[in-house]
Structures are given as C-alpha cells and as structure tokens.
J.: 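One structure, pasted below without further comment.
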Amino acid sequence: MSGFKRDWNGNAKKREGPKPPPKKAVVQNQFTPMFETLRDELDQHHDRRERIIKASRDITALSKKIIFALQRIRKIDEELPKNIQAEVDTRLADISKLLATIAPEIQGINRYRYARSLMCLEELVEALTFLHYLKTQTLITPEQLSPIMDELVRKGVTPSEDVAMTDVNEAAAPIPERSEEKEIPRVDLTQDDYLYGVFDLTGEMMRFATTSTALTGTMAGGGAEGDEQPRTIVEDMHELGSFFEMLPVGSGNKFQWEKKLEVTRQSVQKVERLGYDRTIRGSERPKGWIPDLGGGDQPEEE
C-alpha cells in the first residue's frame with residue numbers, strides 16, 4: 001500500500017498533478033546577439049565536421065579497395081588487366097563524388113581546421129602513388145598529383161562525363177565552359193598528406209614484392225626484355241628509404257614521423273632479405289632446374 005504525505009497538522013495532502021517545468025529566465029542584453037551567433041557557428045562547425053568524417057571514412061575504404069585490386073598484379077611497368085582497370089575506374093568514380101561533396105567544406109582555413117578529419121587523403125595518395133608506380137615504376141610528384149585531385153573533384157561535380165581517371169600522364173578532358181571551372185572548389189594536398197602517403201606506399205611495395213616473387217620466382221622489376229640487370233623493386237625500396245632518412249623531422253609531428261620511418265625501415269629490410277634469399281638460393285641451382293618428383297633416388301621396397 002503506497003503511502004501519502006501529510007501536512008503539519010497530520011491531515012492527508014491532496015494529490016496534485018505533475019508540476020509544470022520552471023520557466024527559464026530569458027536574459028536579453030547587448031551581448032545576447034553575439035552569443036547567439038557563436039552558438040550558430042558552433043552548430044555549423046559540428047555538422048560540417050560530421051559530414052567530413054563520414055565522407056573521409058568512405059574514401060578511406062574505397063582507397064583500400066583500389067590497393068587490394070592492384071595487389072593482384074604480378075608485373076611492373078605494364079598496362080593493367082582489363083578487369084582490374086575497370087575496378088579501379090569504378091572506385092575512383094565513387095571517390096570523385098565524395099570529394100565533390102566535401103570540397104566546399106574545406107576551403108580556406110577550414111582545410112587545416114579539419115586536417116585531422118581528412119586522414120583519408122593519405123590513403124588516397126597511397127593508392128594513386130601505388131597505381132602510378134605499377135604502371136611507370138616511378139614515384140609520382142606532388143605537382144603531378146595536384147591536377148589529378150582537381151580532375152577527381154570536377155568529375156564528382158559533373159558526373160555526366162564518363163572519362164577514366166587512371167593514367168596521370170594523360171591530359172585532362174577539355175571543359176566546355178571555362179567559367180564553370182573557376183567555380184569548382186579544389187581539394188589541396190598538404191605536405192604531410194603526400195609524405196605520409198608515400199610512407200605507406202613502402203608497405204604496399206613490400207607486400208607486392210613478396211607476393212609476386214613467391215608466385216613468379218623472380219623479383220619484380222621493369223626494363224625491356226633481354227636486359228641482363230633490369231631495375232628491380234629492391235633498388236626502388238633502397239632509394240625511397242634513403243630519401244626518407246635524409247629528410248628532417250618537422251616540428252609537431254615527431255612521434256608520427258619516427259613511427260612511420262621505423263615501419264619503412266622494416267619494409268626495406270624485408271625486401272632486401274627477400275632479394276638476397278632469391279639470389280643466393282637461386283645461384284645454387286641451374287636455370288630451369290625442376291626437382292625430381294619421381295622418387296628415383298629412394299630405395300625400392302622389398
């Protein structure tokens with residue numbers, strides 16, 4: 001049996017309904033418009049940040065799928081197979097649409113304000129540099145990446161144009177109206193976006209070297225047929241590792257820089273051991289040697 005409250009004289013109090021919420025005191029003074037403006041700016045900031053984070057997550061996933069597709073290739077300095085080329089084009093088209101949606105949000109100072117939310121650009125740089133390396137066996141430069149990013153954004157704004165964005169050496173398709181080109185926002189890559197993307201590229205090169213060597217029996221590399229000593233991926237890894245060792249560490253990113261540099265060193269060492277093992281163990285056997293699986297050396301059963 002539920003109890004009830006009594007007054008000072010012991011009489012039961014009447015039950016009352018829920019009390020109305022207290023009225024908030026509305027203070028209006030000369031500072032009220034300023035704080036209302038700040039409130040609206042903070043709401044816009046959080047909404048913009050959420051949109052950028054969602055798009056960044058999707059761009060990262062698509063960039064990883066491009067890298068996974070490229071890891072199915074076994075040779076360097078050749079055109080991509082048609083099925084892999086089609087998959088790369090599809091992923092880049094989806095990335096173009098996502099870049100076009102966030103490009104207006106990261107103009108001016110917002111590009112650095114939301115830099116931590118744009119980690120997807122490092123993954124995209126890694127995918128584009130890996131694609132360029134497999135096709136040309138060279139490292140793409142920031143000057144070559146800039147027009148590619150502009151072209152990706154332009155395609156996302158104008159999806160009616162169905163042009164493959166796969167070769168960084170091909171000229172961009174002409175735009176009918178030059179006035180529209182100026183209105184399309186850009187997605188600029190910072191120095192950290194490029195360098196950290198190339199840092200991650202060394203890991204993909206190590207995986208590519210390991211897989212291709214295990215399946216083909218030779219170290220991946222370019223060069224014309226008949227060359228006695230074509231340039232292999234081991235030499236490319238040596239050059240990349242040496243260049244990163246020479247670069248000074250920037251202020252504010254020492255921990256991340258040293259962590260990525262250590263991973264790069266490990267990748268270079270793994271490819272070196274892979275090349276040494278193939279060279280040393282391969283020299284022990286004549287060219288074209290195949291193990292005898294007939295069991296002729298084993299003793300006959302009685």
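We use all heavy atoms of the structure for the numbers below, so side chains are in, but hydrogens, waters and symmetry mates are not. We count residues from 1, following the sequence as given.
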J.: Would Lys65 and Asp94 pass as an ion pair if we require N to O under 4.0 Å?
T.: no
J.: Looking only at heavy atoms, what is the nearest atom pair of Val153 and Ala103, with distance?
T.: CG1-CB, 4.1 Å
J.: Between Gln71 and Glu204, is there a side-chain heavy-atom distance shorter than 4.5 Å?
T.: yes
J.: Determine whether Arg207 and Ser267 satisfy the following criterion, side chain to side chain donor-acceptor pair (under 3.5 Å), listing intermediate values before the conclusion.
T.: CA-CA 9 Å; Arg207 296 182 185 92; Ser267 299; over 6 Å; no
J.: In terms of side-chain heavy atoms, does Thr211 have a donor or acceptor partner in Arg72 at a distance below 3.5 Å?
T.: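 No donor-acceptor contact under 3.5 Å links the two side chains.
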J.: Given Leu189 and Tyr194, is the side-chain contact (heavy atoms from CB on, under 4.5 Å) satisfied, shown in steps?
T.: CA-CA 7 Å; Leu189 296 174; Tyr194 176 76; 5.6 Å; no
J.: How long is the span from the CG atom in Asp192 to the CD atom in Gln256, to the nearest 0.5 Å?
T.: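 Rounded to the nearest 0.5 Å, the CG-CD separation comes to 7.5 Å.
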J.: Indicate the atoms forming the closest heavy-atom contact of Ser56 with Met119, along with that distance.
T.: OG-N, 4.0 Å
J.: I'd like to check the side-chain hydrogen bond (donor to acceptor under 3.5 Å, both in side chains) partners of Thr90; sequence neighbours left out, ordered by chain and number.
T.: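 Testing Thr90 for side-chain hydrogen bond (donor to acceptor under 3.5 Å, both in side chains), a comparison that skips the adjacent residues, returns none.
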J.: Of all residues at least two apart in sequence or in a different chain, which pass the side-chain contact (heavy atoms from CB on, under 4.5 Å) check with Gln191?
T.: Leu195
J.: Are more than 12 heavy atoms, taken from residues, nucleotides or ligands other than Arg49, located less than 6.0 Å from that residue's CZ atom?
T.: no
J.: Between Thr190 and Asp193, is the side chain to side chain donor-acceptor pair (under 3.5 Å) condition met? List the steps.
T.: CA-CA 5 Å; Thr190 63; Asp193 293 335; 3.0 Å; yes
J.: Has the side chain of Ser212 got a donor or acceptor atom that lies under 3.5 Å from a matching backbone atom of Ala209?
T.: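 Looks like yes, one N/O pair under 3.5 Å.
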J.: Looking at every non-hydrogen atom in both residues, tell me the closest pair between Met205 and Ile233 and how far apart they are.
T.: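 That would be O-CD1, 3.4 Å.
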J.: Is the closest basic N to carboxylate O distance between Arg231 and Asp236 below 4.0 Å?
T.: yes
J.: Any side-chain heavy atom of Arg39 sitting closer than 4.5 Å to one from Phe35?
T.: no
J.: Quick check: do Asn110 and Arg48 have side-chain heavy atoms less than 4.5 Å from each other?
T.: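 Yes, close enough: below the 4.5 Å cut-off.
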J.: Give the cluster check for Val157 versus Ile52: same hydrophobic cluster or not, with ILVMFWY residues linked at side-chain heavy-atom distances below 4.5 Å.
T.: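 Yes, Val157 and Ile52 fall within the same hydrophobic cluster.
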J.: Hydrophobic clustering (ILVMFWY, side-chain heavy atoms < 4.5 Å, transitive) - are Ile184 and Leu98 grouped together?
T.: yes
J.: Any donor-acceptor pair under 3.5 Å linking the side chain of Thr129 with the backbone of Glu126?
T.: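 Yes, because the side chain of Thr129 sits within donor-acceptor range (under 3.5 Å) of the backbone of Glu126.
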J.: Just verifying a value: how many Å separate Arg186 CZ and Gln107 CD, rounded to the nearest 0.5 Å?
T.: 9.0 Å
J.: Do Thr264 and Leu240 come within less than 4.5 Å of each other through their side chains, counting heavy atoms only?
T.: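 In short, these two side chains do not touch, never coming nearer than 4.5 Å.
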J.: Any donor-acceptor pair under 3.5 Å linking the side-chain atoms of Gln44 with those of Asp40?
T.: no
J.: Same cluster or not: are Leu261 and Val198 linked, directly or through other Ile, Leu, Val, Met, Phe, Trp or Tyr residues, by side-chain heavy atoms under 4.5 angstrom apart?
T.: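 Yes.
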J.: Quickly, which of Glu258, Glu272, Glu245 forms a salt bridge (charged side-chain N to carboxylate O under 4.0 Å, His left out) with Arg265? Name it, please.
T.: Glu245
J.: Does Leu247 belong to the same Ile/Leu/Val/Met/Phe/Trp/Tyr cluster as Val125, with side-chain heavy atoms less than 4.5 Å apart forming each link?
T.: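 Yes; tracing contacts between hydrophobic side chains, which count when under 4.5 Å, links both residues.
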J.: Could you pull out the closest heavy-atom pair between Thr232 and Met219, with the gap in Å?
T.: CB-CG, 3.8 Å
J.: Which value, rounded to the nearest 0.5 Å, describes the distance between Phe68 atom CZ and Ser63 atom OG?
T.: 10.5 Å
J.: Quick one: pull up CD1 in Ile140 and CD1 in Ile148 and give me the separation to the nearest 0.5 Å.
T.: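 One gets 4.0 Å once the value is rounded to the nearest 0.5 Å.
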J.: So do the side chains of Tyr114 and Glu105 get within less than 4.5 Å of each other, counting heavy atoms only?
T.: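 Answer no - side chains too far apart.
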J.: In Å, rounded to the nearest 0.5 Å, how long is the span from CG of Leu118 to CD1 of Ile106?
T.: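 So the gap between those two atoms works out to 5.0 Å.
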J.: With a sphere of 6.0 Å drawn around CD1 of Ile109, does it hold more than 12 non-hydrogen atoms of other residues, nucleotides or ligands?
T.: no
J.: Short question: side chain of Gln144, backbone of Thr141 - any donor-acceptor pair under 3.5 Å?
T.: yes
J.: Would you say Arg51's side chain and His46's backbone share a donor-acceptor pair under 3.5 angstrom?
T.: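 No; judged by distance alone, with no hydrogens or angles, the pair does not exist.
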J.: Considering only NZ, NE, NH1 and NH2 on the basic side and carboxylate oxygens on the acidic side, decide whether Glu151 and Arg154 come within less than 4.0 Å.
T.: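 Yes, this pair counts.
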J.: For Phe244 and Phe199, take the angle between the two ring planes, folded into 0 to 90°, and tell me which bin it lands in: parallel under 30, tilted 30 to 60, perpendicular over 60.
T.: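 Phe244 and Phe199: parallel rings.
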J.: Quick one: do Glu50 and Lys54 make a salt bridge, cutoff under 4.0 Å?
T.: no
J.: How close do Phe208 and Ile73 get, heavy atom to heavy atom, and via which atoms?
T.: CE1-O, 2.9 Å
J.: Start with the C-alpha distance between Ile66 and Leu124, add both sets of side-chain angles, then the distance that settles side-chain contact (heavy atoms from CB on, under 4.5 Å), and finish with yes or no.
T.: CA-CA 9 Å; Ile66 291 176; Leu124 180 58; 5.5 Å; no
J.: Using the rule given for side chain to side chain donor-acceptor pair (under 3.5 Å), can you reason through Asn83 versus Glu87, listing the C-alpha separation, both sets of side-chain angles and the distance that settles it, and then say yes or no?
T.: CA-CA 6 Å; Asn83 59 330; Glu87 184 175 352; over 6 Å; no
J.: Glu123 versus Leu62: any side-chain heavy-atom pair under 4.5 Å?
T.: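 They are not in contact (no side-chain heavy atoms under 4.5 Å apart), so the answer is no.
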J.: Go through it in stages, so that I can follow the logic: the residues are Asp58 and Ile95, the test is side-chain contact (heavy atoms from CB on, under 4.5 Å), and I'd like the CA-CA distance, side-chain angles, deciding distance and then a yes or no.
T.: CA-CA 8 Å; Asp58 294 338; Ile95 292 175; over 6 Å; no
J.: For the pair Ser96 (side chain) and Gly156 (backbone), establish whether a donor and an acceptor sit closer than 3.5 Å, ignoring hydrogens and angles.
T.: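 Absent.
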J.: What are the two closest non-hydrogen atoms of Met237 and Thr202, and how far apart are they?
T.: CE-O, 3.6 Å
J.: Please report the C-alpha distance between Lys260 and Asp200 in whole Å, then the side-chain angles of each, then the deciding distance to 0.1 Å, and finally whether the side-chain contact (heavy atoms from CB on, under 4.5 Å) criterion is met.
T.: CA-CA 8 Å; Lys260 286 185 175 292; Asp200 297 338; 3.0 Å; yes
J.: Decide yes or no for Leu121 and Val187: does some side-chain heavy atom of the first lie under 4.5 Å from some side-chain heavy atom of the second?
T.: yes
J.: Just verifying a value: how many Å separate Phe31 CZ and Glu36 CD, rounded to the nearest 0.5 Å?
T.: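 If we round to the nearest 0.5 Å, Phe31:CZ and Glu36:CD are 14.0 Å apart.
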J.: Hey, does Lys75 have a side-chain heavy atom less than 4.5 Å from the side chain of Thr216?
T.: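 Of all side-chain heavy-atom pairs linking Lys75 with Thr216, none is under 4.5 Å.
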J.: Are Leu201 and Leu274 connected in a single hydrophobic cluster, I mean Ile/Leu/Val/Met/Phe/Trp/Tyr linked by side-chain heavy atoms less than 4.5 Å apart?
T.: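 Yes, because Leu274 and Leu201 connect within a single hydrophobic cluster, where side-chain heavy atoms sit under 4.5 Å apart.
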